**Q** 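Quick one: structure below, then a few questions.
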Amino acid sequence: MAALARCRTLIQLLRPQTSIIDVGCRSQDVLHSVIYKRAQCARHAFFGVKRQYSSDVKSGDDLIVKYLDGDDSGIVVFGINRSKAKNAISKNLVKMMSEAIQSVKKNNKVRTVILCSMVPGIFCAGADLKERAKMHQSEVGPFVAKARTLIMELGNLPMPTIAAIDGAALGGGLEMALACDIRVAATSAKMGLVETKLAIIPGAGGTQRLPRTVGVSVAKELIFAARVLDGVEAKRLGLVNHAVEQNESGDAAYLQALYLAREFNPQGPIAIRMAKLAINQGIEVDLATGLAIEEACYAQVIPTKDRLEGLAAFKEKRLPRYKGE
C-alpha cells in the first residue's frame with residue numbers, strides 16, 4: 001500500500017494536462033546512419049583523443065570537474081585527483097564532490113556524468129583511513145553519514161552516470177561506482193567490498209546495491225570473503241557492463257565510458273531522464289505499480305518540443321536536434 005501511495009504521488013506530480021499519444025520510431029536508414037557516425041566517433045575516441053577537456057566547472061587538489069565541448073557538449077567528467085592518498089575518500093573530497101553533484105544536478109544541459117580517476121592505476125581506495133585515525137570518535141559518525149549522503153546523491157542524479165574504473169576500486173570506492181548507472185572497467189582493475197577485513201561492513205550502500213547488481217547470494221559471498229575481483233571476473237558476474245584491455249596511457253575504461261556517453265548524447269535528454277526515473281523507481285516496487293510509474297514518466301515527454309522534433313526528423317529523414325525542451 002505504501003508503494004502504491006508513493007506511485008500515486010509520483011503520478012500526480014508528473015501528470016501533464018495533455019493526452020498520451022504514440023511516438024514513432026526512426027527509419028532503419030536514419031538509424032544506420034546514426035550508428036555509423038557513432039562508430040566513427042568511437043574510433044576517434046579510442047585512437048585519437050585522450051583526456052582533453054574544455055572549461056572548468058570547479059577545480060581543486062582533490063577533484064577536477066570539467067565540461068567537454070564541441071560534439072561532446074553535455075558530457076561532464078568528475079576526475080578524482082588524490083594521488084598521494086590513492087584517491088581515498090577524505091572530508092575535502094566529500095565536500096567537493098557534493099558541491100559538484102549539486103552543480104550538475106541543477107543544469108539541464110548536462111546529459112551524462114563520467115566518474116573517473118586522474119591518477120593512473122587507481123580508481124578509489126575507499127575511506128581515507130589515515131585521516132579517519134586522526135578523527136575524534138565523535139567525528140566518525142557524522143563523516144560516514146556525509147559520505148553515505150554523497151553516494152546517495154550521486155545515485156540520484158537525474159542524468160546517466162558512468163563509472164570508469166581504470167584501477168583499484170575498493171570499499172567506498174566500489175560503493176561510489178555501484179551508485180552509478182553503468183560501470184566499465186579495465187580488465188586489470190581490482191574491485192571489492194573489503195570492509196569485513198577491518199571488522200566492519202560496507203556502510204555507504206554496498207550491502208544494498210551490490211545484491212541488486214549481482215544477486216543476493218553472490219553479493220553475500222563477495223562481502224563475507226572480502227573478495228577482490230579483476231575486470232574480467234567482474235564482467236562475468238555482471239558487476240560491470242564492459243571490461244576492456246588496458247592501454248599504455250592507462251585510461252581504457254575512461255575511453256569506453258566516453259564512447260557510451262557519445263552514444264547517449266544524440267538521444268532525447270528529457271526522455272533519458274524519464275527512462276532512468278522509471279527504471280529506478282519501478283525496480284523497487286511490484287510490476288503493476290512499476291507500470292503506473294512508467295505511464296507517469298511517459299506522460300512527461302508528451303508535451304516536450306523534443307518529442308515534436310523527433311517526429312519532424314523522422315518525417316524529413318534527418319537526424320533530430322534535441323535541446324532538452
Side-chain angles (χ1 to χ4, degrees), residues 10-45 49 53-55 57 66-77 101 103-114 156-162 180-182 241 256-282 290-325:
L10 178 64
I11 291 172
Q12 290 300 320
L13 289 172
L14 294 180
R15 180 174 288 137
Q17 301 302 313
T18 184
S19 60
I20 298 176
I21 62 173
D22 291 330
V23 178
C25 299
R26 294 193 185 116
S27 62
Q28 286 296 314
D29 56 342
V30 174
L31 181 58
H32 290 161
S33 176
V34 172
I35 294 172
Y36 176 73
K37 289 185 177 181
R38 286 181 191 155
Q40 287 181 316
C41 289
R43 182 175 178 81
H44 182 57
V49 177
Y53 304 120
S54 63
S55 58
V57 177
K66 301 279 186 175
Y67 277 3
L68 305 193
D69 59 9
D71 290 341
D72 292 334
S73 179
I75 302 172
V76 178
V77 179
I101 286 171
S103 178
V104 299
K105 182 178 180 180
K106 299 173 184 177
N107 190 338
N108 289 331
K109 294 182 180 180
V110 177
R111 299 197 178 188
T112 304
V113 172
I114 298 175
N156 288 336
L157 279 175
M159 70 288 294
T161 53
I162 308 172
C180 294
D181 299 311
I182 295 165
N241 297 59
Q256 176 68 15
L258 183 59
Y259 170 89
L260 294 174
R262 285 171 168 170
E263 279 198 296
F264 302 162
N265 240 15
Q267 320 311 328
I270 297 175
I272 288 180
R273 290 183 179 215
M274 286 297 102
K276 176 173 176 174
L277 179 62
I279 294 168
N280 286 356
Q281 295 288 328
L291 290 172
I293 291 171
E294 179 187 77
E295 179 183 357
C297 291
Y298 187 96
Q300 281 299 289
V301 303
I302 299 304
T304 65
K305 293 179 181 178
D306 280 352
R307 184 187 68 84
L308 299 178
E309 165 63 12
L311 291 174
F314 172 78
K315 182 178 179 180
E316 297 165 16
K317 297 183 178 179
R318 60 171 174 81
L319 297 178
R321 296 179 290 272
Y322 296 127
K323 299 180 179 180
E325 299 175 353

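What you are looking at is a predicted structure, and each value in this text was computed from that prediction instead of being measured.
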**Q** Not counting sequence neighbours, which residues clear side-chain hydrogen bond (donor to acceptor under 3.5 Å, both in side chains) with T112? List them please.
**A**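 Counting only residues at least two positions away or on another chain, T112 forms no side-chain hydrogen bond (donor to acceptor under 3.5 Å, both in side chains).
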
**Q** Heavy-atom distance under 4.5 Å between the side chains of I272 and M159, does that happen here?
**A**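 Sidechains of M159 and I272: no contact.
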
**Q** Could you state the interatomic distance from CD1 (I162) to CG (L260), rounded to the nearest 0.5 Å?
**A**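 Taking CD1 in I162 and CG in L260, the distance rounds to 5.0 Å.
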
**Q** Is the side chain of Q267 donor-acceptor paired with the backbone N or O of E263 at a distance under 3.5 Å, no angle test?
**A**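 Yes; judged by distance alone, with no hydrogens or angles, the pair exists.
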
**Q** Please answer whether the main-chain N or O of R321 pairs with a side-chain N or O of E309 as donor and acceptor at a distance below 3.5 Å.
**A**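 Yes: the side chain of E309 pairs with the backbone of R321.
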
**Q** What is the minimum heavy-atom distance between L157 and K105, and which atoms define it?
**A**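 Looking at all heavy atoms of both residues, the shortest contact is CD2-CB, 3.8 Å.
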
**Q** Would you sort out whether L258 and L68 count as a side chain to side chain contact (heavy atoms under 4.5 Å, CB included), showing the intermediate values?
**A** CA-CA 10 Å; L258 183 59; L68 305 193; 3.8 Å; yes

**Q** My understanding is that only residues two or more places apart in sequence, or in another chain, count here; which of them pass side-chain hydrogen bond (donor to acceptor under 3.5 Å, both in side chains) with D181?
**A**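 Result, side-chain hydrogen bond (donor to acceptor under 3.5 Å, both in side chains) vs D181: T161, K276.
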
**Q** So which heavy atom on A261 is nearest to which on I75, and how close?
**A**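 Closest heavy-atom pair between A261 and I75: CB-CD1, 3.7 Å.
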
**Q** Please report the interatomic distance CD1(I293) to CD1(I279), rounded to the nearest 0.5 Å.
**A**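 I293 CD1 to I279 CD1: 12.0 Å, rounded to 0.5 Å.
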
**Q** Could you pull out the closest heavy-atom pair between G310 and P320, with the gap in Å?
**A**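 Nearest pair, atom of G310 first, then P320: CA-CB, 4.5 Å.
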
**Q** To the nearest 0.5 Å, what is the distance between CD1 (I302) and CZ (R307)?
**A**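 The CD1 atom of I302 sits 5.0 Å away from the CZ atom of R307.
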
**Q** Do R111 side-chain atoms and N265 backbone N/O form a donor-acceptor pair below 3.5 Å?
**A**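 A pair under 3.5 Å: yes.
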
**Q** Run M274 and L277 through side chain to side chain contact (heavy atoms under 4.5 Å, CB included) and show every step you take.
**A** CA-CA 5 Å; M274 286 297 102; L277 179 62; 4.1 Å; yes

**Q** I'd like to check R273 versus N108 (side-chain heavy atoms, cut-off strictly below 4.5 Å). Are they in contact?
**A**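 The answer is yes, as the side chains (C-beta and beyond) meet within the 4.5 Å cut-off.
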
**Q** Is any side-chain heavy atom of D306 less than 4.5 Å from a side-chain heavy atom of P269?
**A**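 Touching, per the 4.5 Å side-chain cut-off.
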
